[in-house]
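Each remark here refers to the structure printed beneath this line.
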Amino acid sequence: MPLETVESPRLYRQIADQLRHLIDRREYPVGGRLPPERELAEKLGVSRPSVREALIALEVEGRVRIRMGSGVYVIDRPAGLPALAPLADEAPEGPFEVLKARELIESAVCAEAGSQAGPREVAGLDEILAQMENPELTGDDLVALDRAFHVAIASILGNAVLARFVGLLFDQRINPYFRQLASYFENADSWREAVAEHREIRDAIAEGRGEAAQAAMRRHLQRSQERFSQSFGEGPAPAAPARRDGVQASTRQGGRESVVTRLVRKN
C-alpha cells in the first residue's frame, strides 16, 4: 500500500489515515519506529506541521508514542481508547491551522484596537498580564488567562460577534490534539516568552499604534507556531531491513520503487 500525495482541508487526518493503515498492515510493527517527520513530509508531499499534527493525532488515539530525543514508536493500542472520528468534519482542526487562522484574524483585530483602546481597556489588559506573572499558576490557569487577554483585545472593538469568534477560535486550543502537542513544548520558559510578547502587544495598543500592534500580534502567533514546531529530537534512522536471502527488500511498480518500500527500507 503506497503512501499517496494528499490534499484536504484537514491534511493531518489524511496523513494519519495512511500511517494507521500501514501500522495495521504491520509495515510498521509494534515497537518499530516511524520515519522522521522530515522524511514523511517529503514522501507525502506535505508540510512538516501537517505531519506533526498527524503524529499527535495517532498518539492521542493510542497508536504511537512520541519519545523526545528518540523518535515516534508504534505501540499496542490500549483497549477503550477512542479512534479518530470516522468523518473528517467531526475531527478537531489541526493545531497549526488554528494558529495560522488566529495570526491572520487577530493581527487585523489589533490594528483596529490600537486606534480605539481607552484607559479602561488598557487597564483590563494590564490586570490580566499582572495575573500571568504569578509563579504559582498552573498550565490551565495560564491558558485561561491567555484566552482572556486575546478576547479582551477583540472586545475593544465593541463587536460582540467578533469577541465571541476570537474566543471560539482560541477554544480550539483545548482540543485533545492541541493539548497533547502543547504538553511537549509548553513550559515556564515558553510562557515567559508569551507573556513578554503579550506586553509588546499591550504597549502598542496603549500607545495608539495600530500598525505596531498588528505586527506585534502577528509576531506573537508566529512565534507560537515556531515553539510548537521544535524538533522532537529524533535520532538517526534505523538500519535498512534485509530479506532472509540477504538481499535488501525492494518492490518496484512499473520500474519505480514504491514510496512504502523506500520508507520501510529506511526503517
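What you are looking at is a predicted structure, and each value in this text was computed from that prediction instead of being measured. One is the number of the first residue; the rest follow in order along the sequence.
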Distance (rounded to the nearest 0.5 Å) between S229 OG and R48 CZ: 8.5 Å

For the hydrophobic clusters of this structure (ILVMFWY residues joined by side-chain heavy atoms under 4.5 Å, transitively), does one cluster hold both L129 and V122? no

Using a strict 4.0 Å threshold on nitrogen-to-oxygen distance, state whether E97 and K100 make a salt bridge. no

Any Lys/Arg nitrogen of D140 or R179 sitting under 4.0 Å from an Asp/Glu carboxylate oxygen of the other? yes

Check ion pair R20-E61 (N to O, under 4.0 angstrom): yes

Determine whether the side chains of Q172 and Y177 contain a donor N or O and an acceptor N or O closer than 3.5 Å. no

Residues in side chain to side chain contact (heavy atoms under 4.5 Å, CB included) with L142, at least two apart? M132, L137, W191

Rounded distance (nearest 0.5 Å) linking atom CG of L162 with atom CD of E112: 10.0 Å

Is the shortest side-chain N to carboxylate O distance from E200 to R219 below 4.0 Å? yes

So, do T138 and V143 sit near enough that their side-chain heavy atoms are less than 4.5 Å apart? no

Ion pair present between R199 and E133, side-chain N to carboxylate O less than 4.0 angstrom? yes

Distance col, row Y12:OH vs L19:CG, nearest 0.5 angstrom, shows 14.0 Å

Can you tell whether the side chains of R65 and E59 come within less than 4.0 Å, N to carboxylate O? no

Are F185 and F178 grouped together when hydrophobic residues (ILVMFWY) are joined by side-chain heavy atoms under 4.5 angstrom apart? yes

Is E127 reaching over with its side chain to a backbone N or O of G124, donor-acceptor style, under 3.5 angstrom? no

Report yes or no: is the cationic atom of R67 (NZ for Lys, CZ for Arg) under 6.0 Å from the centre of the six-membered ring of Y73, at an angle within 45° of the ring normal? yes

I want to check something: taking the side chain as every heavy atom from C-beta on, are E103 and H220 in contact at a cut-off of under 4.5 Å? no

Between R63 and D24, is the closest basic N to carboxylate O distance under 4.0 Å? yes

With a 4.5 Å heavy-atom cut-off, do Y184 and I56 have their side chains touching? yes

Stepwise side chain to side chain contact (heavy atoms under 4.5 Å, CB included) check, E121 with I205: CA-CA 10 Å; E121 288 79 16; I205 290 174; over 6 Å; no

Counting neighbours of CD on E207 that are heavy atoms of other residues, nucleotides or ligands and sit closer than 6.0 Å, is the number greater than 12? yes

Taking C-beta and beyond as the side chain, do Y28 and P35 meet within less than 4.5 Å on heavy atoms? yes

Would you mind reporting whether P29 and V74 have side-chain heavy atoms less than 4.5 Å apart? no

Checking side chain to side chain contact (heavy atoms under 4.5 Å, CB included) for the pair I201/C110: CA distance, chi angles, key distance, verdict? CA-CA 8 Å; I201 297 166; C110 273; 3.9 Å; yes

For the residue pair I23 and V64, establish whether any side-chain heavy-atom pair is separated by less than 4.5 Å. yes

Got E37 and V72 here, is their nearest side-chain heavy-atom distance under 4.5 Å? no

Less than 4.0 angstrom from a charged side-chain N to a carboxylate O is my criterion; do R227 and E193 meet it? yes

So if I apply the side chain to side chain contact (heavy atoms under 4.5 Å, CB included) rule between M217 and each of H198, H150, E197, which one comes out positive? H150

